[in-house]
Amino acid sequence: MAKSPEEEHPVKAFGWAARDDSGVMSPFKFSRRATGDEDIKLNVLYCGICHSDLHYLINERGTAKYPLVPGHEIAGIVTEVGSKVKNFKVGDKIGVGCMVGSCRSCDRCKEDLENHCPKIITTYNHTYYDGTRTYGGYSDIMVVHEHFAIRWPENLPLDSGCPLLCAGITTYSPLKYYGLDKPGLHIGVVGLGGLGHVAVKMAKAFGSKVTVISTSPNKKDEAIKGLGADAFLVSRDQEQMQAAAGTMDAILDTISAVHPLMPLLSLLKFTGKIVMLGSPKALELPIMPLLAGKKMIAGSIIGGIKETQEMLDFCAKNNITADVEVIPIDYVNKAMERLLKADVKYRFVIDVGKTLKAE
């Protein structure tokens with residue numbers, strides 16, 4: 001007979017979990033593995049709420065496994081290290097992002113692209129090497145292999161820094177990979193939410209001119225005055241869109257809802273790129289603009305561990321953090337309702353250390 005989550009491992013743990021696709025979370029007792037030779041145990045202090053958490057909680061992608069403890073934007077303090085751990089010690093600040101395992105031997109892993117490993121193990125809703133479920137950061141403690149831990153820069157706040165472990169690497173990686181990290185480029189950012197607001201900050205730090213593209217005219221002030229964007233386009237305003245045609249080197253598209261690509265393609269210069277960071281189910285792809293302008297539609301998803309560390313260090317150096325609303329754990333269901341309505345600027349972060357108490 002399979003053991004209960006509370007009996008699977010020797011170390012008692014406590015968090016909040018959803019039991020079904022209603023997505024409603026409540027207190028949940030479970031267990032973590034003992035700290036292995038190459039493992040790190042940490043007390044979770046903060047955990048960001050990603051839109052992916054909501055997708056999984058309500059089983060929007062059809063792959064949710066319940067009970068489900070979400071959370072892959074985790075910041076905390078090391079409380080125990082295994083005998084073979086080399087890079088961390090008790091008391092260190094630490095981050096855990098979107099993955100906690102990979103095969104470590106395939107071509108992608110050898111290239112420090114564990115996020116593209118066919119055997120990637122995500123931080124929650126996955127099966128670990130030992131056959132047990134992975135549970136995320138809406139919990140009091142975690143145990144992670146040292147390879148998948150991120151050293152926390154001393155001057156980076158834990159609360160507004162933890163969303164960078166997903167939103168930060170999701171926007172930093174494509175800017176680097178597609179050569180969009182050079183000063184003087186003109187970068188468009190579609191959508192001004194959890195991903196989009198960080199994309200603006202990243203592109204500005206690389207020295208780009210940044211234009212936010214949105215369907216909502218009322219976001220202009222927050223884009224320009226609040227986040228430092230250089231310009232703002234209302235995508236439904238034909239005059240504005242025509243005036244900006246052919247002016248952008250690339251566009252980061254952070255929208256997960258279905259939306260037309262043709263208006264965005266018209267904004268690109270010759271050989272310009274649209275990089276998809278959101279995950280709409282399907283989009284209509286206009287081919288002629290790609291052929292005539294040698295334009296590209298590409299994609300990107302998070303980044304490897306080495307690049308995630310590089311990103312976090314870059315953010316610390318350039319004073320980049322997410323704009324967050326810190327909440328207690330018992331507000332998490334209300335936060336999900338608000339997230340569904342895009343009623344947050346721009347990322348919820350759970351104060352796990354102060355508000356999660358075992359019953």
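Only this structure's heavy atoms are used, side chains among them; waters, hydrogens and symmetry mates stay out.
Residue Arg236 qualifies as open at atom CZ: its count of foreign heavy atoms under 6.0 Å is 12 or below. More than 12 heavy atoms of other residues, nucleotides or ligands lie within 6.0 Å of OH in Tyr129, so this atom counts as buried by the packing criterion. More than 12 heavy atoms of other residues, nucleotides or ligands lie within 6.0 Å of NZ in Lys269, so this atom counts as buried by the packing criterion. The neighbour count for Ile301 CD1, taken as heavy atoms of other residues, nucleotides or ligands under 6.0 Å away, does not exceed 12. Under a cut-off of 6.0 angstrom, the local environment of NZ in Lys12 is crowded, with over 12 non-hydrogen atoms contributed by other residues, nucleotides or ligands. For Lys65, the NZ atom counts as densely surrounded, since its 6.0 Å shell holds more than 12 non-hydrogen atoms of other residues, nucleotides or ligands.
Side chains of Thr211 and His186: a donor-acceptor N/O pair is present below 3.5 angstrom, by distance only. In this model, no donor atom of one side chain and acceptor atom of the other lie less than 3.5 Å apart for Ser31 and Glu8.
Taking the six-membered ring for Trp and the full ring otherwise, the centers of Tyr124 and Tyr138 sit at least 6.0 Å from each other. You'll find the ring centres of Tyr56 and Tyr66 outside the 6.0 Å limit.
Under the 3.5 Å distance criterion, the side-chain polar atoms of His116 are left unmatched by any main-chain donor or acceptor of Leu113. Although no hydrogens or angles enter the test, the distance criterion places no donor-acceptor pair under 3.5 Å between the side chain of Arg32 and the main chain of Lys41.
Scored by the side chain to side chain donor-acceptor pair (under 3.5 Å) test, Asp343 finds Arg338 as partners (sequence neighbours excluded).
Here the CG atom belonging to Asp313 is positioned 11.0 Å from the CH2 atom belonging to Trp152, to the nearest 0.5 angstrom. Going from atom CG of Asn59 over to atom CG of Asn125 covers 8.5 Å, rounded to the nearest 0.5 Å.
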Exercise for the section: Check step by step if side chain to side chain donor-acceptor pair (under 3.5 Å) holds for Arg19 and Ser26. Expected result: CA-CA 8 Å; Arg19 272 60 169 200; Ser26 57; 2.7 Å; yes
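Only one option out of His197, His51, Glu73 pairs with Arg347 in a side-chain hydrogen bond (donor to acceptor under 3.5 Å, both in side chains); it is Glu73.
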